[in-house]
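First comes the structure, then the notes that go with it.
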Amino acid sequence: MLPRINPLRLLLLGAPGSGKGTQTKKLKKLLPNILAISSGDLLREQVTKRTKLGKEVLQYIERGELVPDGLISRFVTAQLLKTKSESAQEQVQWLLDGFPRNLDQARSFQNTLRVLNMPLSNVIELKVPKSRILERLASRYIHEASGRTYNLSYNPPKTPGVDDLTGDPLVKRVDDSQVGVITRRLDDYDKFITPLRNYYNELGILSTVSGDTSDEIFPQILQVLNLNAAPAST
Ligand code: ATP
Ligand code: MG
């Protein structure tokens, strides 16, 4: 087990549908102040808001392709630096899901973090059987405006087909609707994960957790991070 280094700056790796978003939600309950950044969620928000960036990235997302490295690197780094002062930035704990996604992104991000004096503390790879992943992607629906995610099997909405909070209709993600697009995302993940895994393994910050369900995986993450399951007092 790796020692917990403060502040916690965690990167979650895992295939599409491996539950990075679910684990992030669970960790946020324990660490309410942690800054959670999901590159995919942020890009989808830009698409929904029809911003210039959103229009630029939609074509990639629709096809299940990665957006250009420079674009996503600048965007995520800007999100990390939203914390007010530099001294506050050095203390801030964060959790990234979906970035870095390939070796080039990882190397350039590592340089950025060195300059900012914000080293990563942990990288955790989630391993879930592919049959599970395919089931999950098929039964995943979202509320487009907020990004809230549902799964018809294990996290269904209270009323079928509509968001619990707003009553808006739920939709499939544009990249979860076609088999060809799903296959491309999964194949890309397989292609990029080995160099990424080796890179973080050599840095001595990689741990791997595995299981069929998010409930099986979460305690393993807590163990890696040396955290207790009791929520932090606020
Ligand atoms: P999940 O389905 O579990 O959310 P995912 O990896 O398929 O995982 P997202 O992380 O939400 O999906 O990413 C959706 C899309 O956003 C990607 O297919 C890609 O077009 C773009 N994207 C997100 N992060 C990156 C990144 N680091 N580099 C390049 N493109 C990215
Ligand atoms: Mg996600």
Side-chain angles (χ1 to χ4, degrees), residues 10-28 36-48 51 53-80 94-110 112-113 120 123-130 132-144 146-151 154-155 171-193 195-196 199-200 213-214 217:
L10 169 66
L11 169 56
L12 287 181
L13 303 178
S18 60
K20 298 171 302 257
T22 305
Q23 300 300 338
T24 298
K25 240 195 275 168
K26 286 170 178 277
L27 279 167
K28 273 234 56 130
I37 294 181
S38 156
S39 54
D41 287 354
L42 289 173
L43 292 179
R44 278 186 289 280
E45 190 185 326
Q46 297 288 315
V47 171
T48 304
T51 63
L53 177 68
K55 288 180 187 152
E56 212 176 324
V57 298
L58 177 60
Q59 46 174 335
Y60 296 98
I61 295 180
E62 277 178 339
R63 290 190 229 121
E65 288 172 6
L66 294 190
V67 309
D69 290 342
L71 184 154
I72 191 72
S73 298
R74 283 191 299 276
F75 184 58
V76 172
T77 303
Q79 302 297 319
L80 281 181
W94 41 253
L95 187 177
L96 282 180
D97 138 20
F99 175 88
R101 217 13 173 269
N102 59 32
L103 188 57
D104 283 347
Q105 291 181 10
R107 286 197 175 125
S108 95
F109 189 51
Q110 205 57 19
T112 304
L113 294 179
L120 275 174
V123 177
I124 302 184
E125 181 186 356
L126 314 185
K127 281 198 171 166
V128 176
K130 195 162 259 177
R132 280 286 166 160
I133 281 181
L134 292 170
E135 276 167 27
R136 286 185 193 174
L137 295 179
S139 53
R140 177 161 74 179
Y141 282 78
I142 61 163
H143 175 239
E144 198 165 26
S146 66
R148 266 186 294 284
T149 301
Y150 297 87
N151 187 291
Y154 59 87
N155 175 32
V171 295
K172 289 294 287 175
R173 259 171 55 173
V174 59
D175 54 352
D176 276 352
S177 329
Q178 292 174 41
V179 178
V181 173
I182 291 177
T183 308
R184 166 177 281 169
R185 288 160 58 214
L186 291 171
D187 288 353
D188 264 3
Y189 181 76
D190 287 343
K191 186 166 89 193
F192 291 125
I193 189 60
L196 210 52
Y199 181 73
Y200 288 121
T213 65
S214 296
I217 287 184

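The figures that follow rest on heavy atoms only: side chains count, while hydrogens, waters and symmetry mates do not. If you're wondering where the values come from, they're calculated on a predicted model, not measured in any experiment. Order of listing sets the numbers, starting from 1, for every ligand and every atom in it. When a residue number appears, it is its place in the shown sequence, counting from 1.
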Closest non-hydrogen atom pair between Pro100 and Leu196, with its separation: O-CD2, 3.7 Å
For Glu144, the side chain to side chain donor-acceptor pair (under 3.5 Å) test, sequence neighbours excluded, returns none
Using 4.0 Å as the upper bound for N to carboxylate O, is an ion pair formed by Arg185 and Asp176? yes
Report all side-chain donor-acceptor pairs from residues 64-77 shorter than 3.5 Å, counting only partners two or more places apart or in another chain.
residue: Glu65; atom: OE1; partner: Arg63; partner atom: NH1; Å: 2.9
residue: Glu65; atom: OE2; partner: Arg184; partner atom: NH1; Å: 3.0
residue: Asp69; atom: OD1; partner: Asn102; partner atom: ND2; Å: 3.1
residue: Asp69; atom: OD1; partner: Gln105; partner atom: NE2; Å: 2.9
residue: Ser73; atom: OG; partner: Asp69; partner atom: O; Å: 2.8
residue: Thr77; atom: OG1; partner: Ser73; partner atom: O; Å: 2.8

Check ring pair (Phe, Tyr, Trp, His ring centres under 6.0 Å) between Phe109 and all other residues, then give those that pass, not counting sequence neighbours. Phe99
Would you check, one step at a time, whether the test side chain to side chain contact (heavy atoms under 4.5 Å, CB included) holds for Tyr141 with Lys172? CA-CA 5 Å; Tyr141 282 78; Lys172 289 294 287 175; 3.5 Å; yes
Using heavy atoms and a cut-off under 4.0 Å, could you grab the residues that are in contact with ligand 1, chain by chain, numbers ascending? Pro16, Gly17, Lys20, Ser39, Gly40, Leu43, Arg44, Ile61, Glu65, Leu66, Val67, Ile72, Gly98, Phe99, Arg101, Gln105, Arg140, Arg173, Asp175, Arg185
